[in-house]
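Input: a single structure, listed below in structure tokens.
The analysis underlying the following values was restricted to heavy atoms, covering all of them including side chains, and did not include hydrogens, waters or symmetry mates.
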Amino acid sequence: MKSDEELMAAYVGGDSSAFSELFSRYAPVLLRMLRRQIRNAEDAHEIVQQTFLQMHRARRDFQQGRRLRPWLMTICFNLKREHFRRKMRRPEAPLEFEPKEDTPKRDPLERKDDAKMLRDALATLPEGQREVIIMHWFDDLSFPEVAEILGLSVSAVKVRAHRGYQTLRKVLENVTTDGGGP
């Protein structure tokens, strides 16, 4: 099985099947990431399509020796930001909780309340902190990957994550002790 970078090199060299393979690998991942923040499925699908169109247009700009995943995700996140700028609204991150095997089963309505509470708490964060937390925590990207995608230093990403997690903790503690919203 070829690496992403080998497939990209083959695509740049004219192998259209390499593009199909990259699309098969990354379209579901990008769509899943976008659907956490964009409620309209059509908008999320459109951004995924635009991501691959941009990748096609910039294929000759891809630098050998670099990793493809952060480069492709950077394209996607820039398109997502542009989407929200056009819509003139703040992004939300819908969250779905799946109980872990060692977690006792809970009422599905209670999980929905938890997801809403966390969504509301995330919405209180500044965009930079929210974006880092979503990418690191929910999209399971490493701090260096997040830094590369956002064009920041790893230290800046860690600071944003730390501050965001602190704020989330305070907001969620207030919600659970007050019984009210953030």
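- Residues meeting the side chain to side chain donor-acceptor pair (under 3.5 Å) test with Gln129, sequence neighbours left out: none.
- Side-chain N/O atoms of Glu46 and Gln50 include a donor and acceptor closer than 3.5 Å.
- In this structure, CD on Glu127 lies 9.5 Å from CD1 on Ile134, to the nearest 0.5 angstrom.
- No continuous path of ILVMFWY side-chain contacts below 4.5 Å connects Ile133 to Val159, so the two sit in separate hydrophobic clusters.
- Taking Glu5 as the reference, nothing meets the side chain to side chain donor-acceptor pair (under 3.5 Å) condition, with sequence neighbours excluded.
- With sequence neighbours excluded, the residues that form a salt bridge (Lys or Arg N to Asp or Glu O under 4.0 Å) with Arg81 are Glu131.
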Show the numbers, then the answer: is there a side-chain contact (heavy atoms from CB on, under 4.5 Å) between His56 and Tyr11?
CA-CA 9 Å; His56 167 74; Tyr11 176 56; 2.3 Å; yes
Identify all side-chain donor-acceptor contacts of residues 147-155 below 3.5 Å with residues at least two apart in sequence or on another chain.
unit_1, atom_1, unit_2, atom_2, d
Glu148, OE2, Arg66, NH2, 3.0
Ser153, OG, Ala156, N, 3.0

N/O donor-acceptor pairs under 3.5 Å from side chains in residues 13-20, not counting sequence neighbours:
unit_1, atom_1, unit_2, atom_2, d
Asp15, OD1, Ser17, N, 3.0
Asp15, OD1, Ser17, OG, 2.5
Asp15, OD2, Ser17, OG, 3.4

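- One distance of note links NZ of Lys80 with CD1 of Ile75; it measures 15.0 Å at 0.5 Å rounding.
- From Asn174, atom CG reaches atom CZ of Arg169 across 12.5 Å, with rounding to the nearest 0.5 Å.
- The CG atom of Leu172 sits 12.5 Å away from the OH atom of Tyr165 when rounded to the nearest 0.5 Å.
- A heavy-atom distance below 4.5 Å is found between the side chains of Leu34 and Cys76.
- The shortest side-chain heavy-atom distance between Met33 and Phe77 falls under the 4.5 Å cut-off.
- Between Glu145 and Arg67, the closest side-chain pair of non-hydrogen atoms falls below 4.5 Å.
- Considering all non-hydrogen atoms of both residues, Ala10 and Lys2 come closest at CB-NZ, 4.4 Å.
- The closest donor-acceptor contact from the side chain of Arg35 to the backbone of Ile38 lies under 3.5 Å.
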Go through the steps for Arg57 and Phe52 under the test side-chain contact (heavy atoms from CB on, under 4.5 Å), then give the verdict.
CA-CA 9 Å; Arg57 289 178 177 161; Phe52 284 95; over 6 Å; no
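- Within the 4.5 Å cutoff, side-chain heavy atoms of Phe138 are placed close to those of Leu122.
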Could you check Tyr26 against Thr51 for side-chain contact (heavy atoms from CB on, under 4.5 Å), going step by step and ending with a plain yes or no?
CA-CA 10 Å; Tyr26 280 101; Thr51 299; over 6 Å; no
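- Looking at Leu22 and Met55, their side chains come closer than 4.5 Å, going by heavy atoms from C-beta outward.
- Checked for salt-bridge contact, Asp4 and Arg25 meet the test: a charged N lies under 4.0 Å from a carboxylate O.
- If you take CG on Leu68 and CD on Glu6, they are separated by 12.0 Å, rounding to the nearest 0.5 Å.
- Residues Thr124 and Asp120 have side chains not in contact (no heavy-atom distance under 4.5 Å, counting atoms from C-beta outward).
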Please step through side chain to side chain donor-acceptor pair (under 3.5 Å) for the pair Gln166 and His162, ending with a clear verdict.
CA-CA 6 Å; Gln166 281 183 320; His162 177 72; 3.3 Å; yes
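- Applying the side chain to side chain donor-acceptor pair (under 3.5 Å) criterion to Arg32, with sequence neighbours excluded, gives no partner residue.
- The backbone N or O of Leu125 sits less than 3.5 Å from a side-chain atom of Arg130, completing a donor-acceptor pair.
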